[in-house]
Amino acid sequence: MSKIQQHKTVALNDRFRKGESSLGVWSTTPKVRALPEARKQALFRAVQSVDNFVKSPPVNLSAEHDTGIVTQDDTDYLWEIDYCNKSLTAKSPNPADPDCTARILTLMRVDEY
(Lines give C-alpha, C1' and ligand atoms only; values in the text may rest on other atoms or scores of the structure.)
Protein backbone atom coordinates (compact mmCIF):
# COMPACT_ATOMS: atom_id res chain seq x y z
CA MET A 1 0.00 0.00 0.00
CA SER A 2 1.39 3.40 -0.96
CA LYS A 3 1.70 6.21 1.59
CA ILE A 4 -1.18 8.05 -0.11
CA GLN A 5 -3.42 4.96 0.04
CA GLN A 6 -2.44 4.41 3.69
CA HIS A 7 -3.29 8.02 4.55
CA LYS A 8 -6.70 7.67 2.85
CA THR A 9 -7.33 4.35 4.62
CA VAL A 10 -6.50 5.87 8.02
CA ALA A 11 -8.87 8.79 7.40
CA LEU A 12 -11.68 6.45 6.29
CA ASN A 13 -11.12 4.12 9.25
CA ASP A 14 -11.26 7.03 11.69
CA ARG A 15 -14.42 8.46 10.10
CA PHE A 16 -16.07 5.02 10.17
CA ARG A 17 -15.06 4.21 13.74
CA LYS A 18 -16.27 7.60 14.93
CA GLY A 19 -19.73 7.05 13.49
CA GLU A 20 -19.92 7.43 9.72
CA SER A 21 -22.14 4.41 9.16
CA SER A 22 -22.21 4.76 5.36
CA LEU A 23 -18.68 3.28 5.33
CA GLY A 24 -19.60 -0.06 6.91
CA VAL A 25 -21.15 -1.95 9.79
CA TRP A 26 -20.25 -2.79 13.38
CA SER A 27 -20.38 -6.36 14.60
CA THR A 28 -20.20 -7.64 18.16
CA THR A 29 -19.45 -11.03 19.65
CA PRO A 30 -21.73 -12.91 22.06
CA LYS A 31 -20.04 -11.63 25.23
CA VAL A 32 -20.38 -8.03 24.05
CA ARG A 33 -24.00 -8.55 23.00
CA ALA A 34 -24.72 -9.97 26.47
CA LEU A 35 -23.71 -6.74 28.21
CA PRO A 36 -26.43 -4.45 29.57
CA GLU A 37 -27.37 -1.79 27.02
CA ALA A 38 -25.85 1.10 28.99
CA ARG A 39 -22.49 -0.73 29.23
CA LYS A 40 -22.55 -1.55 25.51
CA GLN A 41 -23.21 2.09 24.63
CA ALA A 42 -20.36 3.21 26.90
CA LEU A 43 -18.10 0.65 25.23
CA PHE A 44 -19.08 1.89 21.75
CA ARG A 45 -18.31 5.48 22.83
CA ALA A 46 -14.92 4.35 24.15
CA VAL A 47 -14.05 2.79 20.78
CA GLN A 48 -15.22 5.92 18.96
CA SER A 49 -13.03 8.16 21.12
CA VAL A 50 -9.73 6.27 20.70
CA ASP A 51 -7.09 8.66 19.44
CA ASN A 52 -3.84 7.13 20.70
CA PHE A 53 -2.53 4.58 18.22
CA VAL A 54 0.76 3.16 19.45
CA LYS A 55 2.46 0.05 18.15
CA SER A 56 2.90 -2.13 21.21
CA PRO A 57 2.34 -5.71 22.40
CA PRO A 58 0.19 -7.69 22.87
CA VAL A 59 -1.57 -6.33 19.79
CA ASN A 60 0.24 -4.46 17.07
CA LEU A 61 -1.91 -1.35 16.71
CA SER A 62 -1.36 -0.78 13.04
CA ALA A 63 -0.57 2.41 11.27
CA GLU A 64 -3.95 2.06 9.51
CA HIS A 65 -5.95 2.70 12.73
CA ASP A 66 -7.76 -0.58 12.16
CA THR A 67 -7.11 -2.29 15.51
CA GLY A 68 -7.32 -1.23 19.12
CA ILE A 69 -8.01 -2.17 22.72
CA VAL A 70 -10.25 -0.38 25.20
CA THR A 71 -10.83 -1.27 28.84
CA GLN A 72 -14.17 -1.15 30.62
CA ASP A 73 -14.79 -2.36 34.17
CA ASP A 74 -11.33 -4.03 34.29
CA THR A 75 -12.11 -6.00 31.12
CA ASP A 76 -10.16 -5.54 27.89
CA TYR A 77 -12.04 -5.34 24.60
CA LEU A 78 -10.42 -5.68 21.21
CA TRP A 79 -11.78 -4.07 18.08
CA GLU A 80 -10.59 -4.54 14.53
CA ILE A 81 -11.67 -3.33 11.12
CA ASP A 82 -11.73 -5.69 8.15
CA TYR A 83 -12.06 -4.54 4.54
CA CYS A 84 -14.60 -6.27 2.32
CA ASN A 85 -16.00 -5.66 -1.11
CA LYS A 86 -19.40 -3.93 -1.16
CA SER A 87 -21.29 -7.24 -1.33
CA LEU A 88 -19.36 -8.54 1.73
CA THR A 89 -18.34 -11.67 -0.15
CA ALA A 90 -14.56 -11.13 -0.45
CA LYS A 91 -11.72 -8.86 0.60
CA SER A 92 -11.71 -5.33 -0.74
CA PRO A 93 -9.43 -4.74 -3.72
CA ASN A 94 -8.54 -1.29 -2.33
CA PRO A 95 -9.32 -0.26 1.28
CA ALA A 96 -8.49 3.36 0.39
CA ASP A 97 -11.44 3.50 -2.03
CA PRO A 98 -14.83 3.78 -0.30
CA ASP A 99 -16.60 3.07 -3.61
CA CYS A 100 -15.39 -0.54 -3.54
CA THR A 101 -14.92 -1.11 0.20
CA ALA A 102 -17.26 -1.87 3.08
CA ARG A 103 -15.68 -1.86 6.52
CA ILE A 104 -16.67 -4.28 9.26
CA LEU A 105 -15.64 -3.31 12.78
CA THR A 106 -15.76 -6.30 15.11
CA LEU A 107 -15.81 -5.62 18.84
CA MET A 108 -15.05 -8.49 21.22
CA ARG A 109 -13.73 -9.27 24.65
CA VAL A 110 -10.05 -10.13 24.42
CA ASP A 111 -10.79 -13.64 25.71
CA GLU A 112 -13.02 -14.21 22.65
CA TYR A 113 -10.15 -13.58 20.21
Side-chain angles (χ1 to χ4, degrees):
M1 180 179 297
S2 74
K3 292 262 186 202
I4 292 172
Q5 286 177 312
Q6 185 178 18
H7 179 72
K8 288 179 180 179
T9 299
V10 166
L12 289 166
N13 286 347
D14 286 345
R15 285 175 31 206
F16 169 59
R17 183 179 46 80
K18 291 180 180 190
E20 193 168 324
S21 60
S22 65
L23 296 173
V25 296
W26 282 46
S27 174
T28 57
T29 56
K31 289 182 180 180
V32 173
R33 284 192 296 275
L35 293 171
E37 191 61 30
R39 288 184 59 198
K40 278 192 283 197
Q41 292 304 316
L43 186 56
F44 296 158
R45 285 190 301 274
V47 171
Q48 290 174 323
S49 67
V50 169
D51 63 2
N52 182 19
F53 289 87
V54 179
K55 291 184 178 183
S56 63
V59 176
N60 182 9
L61 301 179
S62 88
E64 293 176 16
H65 292 195
D66 61 356
T67 307
I69 294 176
V70 295
T71 301
Q72 182 185 72
D73 300 324
D74 296 322
T75 302
D76 290 332
Y77 294 87
L78 171 69
W79 59 269
E80 63 182 1
I81 297 174
D82 293 304
Y83 312 111
C84 296
N85 63 15
K86 287 291 196 170
S87 62
L88 306 178
T89 58
K91 286 187 173 188
S92 169
N94 181 3
D97 182 356
D99 292 331
C100 68
T101 302
R103 286 163 164 71
I104 300 174
L105 186 150
T106 304
L107 178 59
M108 68 193 83
R109 279 183 28 170
V110 169
D111 63 358
E112 290 180 290
Y113 185 72

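The structure presented is a predicted model; accordingly, all values stated were derived computationally and were not measured.
Alongside Val25, the hydrophobic cluster contains Leu88, Ile104 (criterion: ILVMFWY side chains under 4.5 Å). Counting Ile, Leu, Val, Met, Phe, Trp and Tyr side chains that sit under 4.5 Å apart, directly or through other members, Val10 stands alone, with no cluster partners.
Atom OH of Tyr77 and atom OG1 of Thr29 lie 8.5 Å apart (nearest 0.5 Å). Remark: Trp79 CH2 to Leu107 CG distance equals 10.0 Å, nearest 0.5 Å. Remark: Arg15 CZ to His65 NE2 distance equals 14.5 Å, nearest 0.5 Å. Note: Asp14 CG to Thr9 OG1 = 11.0 Å, rounded to the nearest 0.5 Å.
For the side chain to side chain donor-acceptor pair (under 3.5 Å) with Ser92, the lone residue among Asp97, Thr101, Asn85 that qualifies is Thr101.
Every residue was checked against the side chain to side chain donor-acceptor pair (under 3.5 Å) condition with Asp99, not counting sequence neighbours, and none meets it. Under the salt bridge (charged side-chain N to carboxylate O under 4.0 Å, His left out) criterion, Glu112 pairs with no residue at all, not counting sequence neighbours.
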Item checked: Full working for side-chain hydrogen bond (donor to acceptor under 3.5 Å, both in side chains) between Tyr83 and Asn13 -> CA-CA 10 Å; Tyr83 312 111; Asn13 286 347; 2.8 Å; yes

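Screening residues 71-93 for salt bridge (Lys or Arg N to Asp or Glu O under 4.0 Å), with sequence neighbours left out, gives Arg39-Asp73.
Contact record, Ala96 with Pro98: O-CD, 3.5 Å, taken as the closest heavy-atom pair. Minimum interatomic distance between Lys40 and Arg33 (heavy atoms only, all atoms of both residues): NZ-O, 3.2 Å.
A donor-acceptor distance shorter than 3.5 angstrom exists from the side chain of Arg103 to the backbone of Pro95, with no hydrogens or angles considered. Side-chain N or O atoms of Arg17 include one that pairs as donor or acceptor with a backbone N or O of Val50 at under 3.5 Å.
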Would you list the atom pairs, donor with acceptor, under 3.5 Å between side chains in residues 41-49 and any protein atom, with sequence neighbours excluded?
residue : atom : partner : partner atom : Å
Gln41   : NE2  : Glu37   : OE2          : 2.8
Ser49   : OG   : Arg45   : O            : 3.2
Ser49   : OG   : Ala46   : O            : 3.1

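The local environment of NZ in Lys8 is sparse, with at most 12 non-hydrogen atoms from other residues, nucleotides or ligands closer than 6.0 Å.
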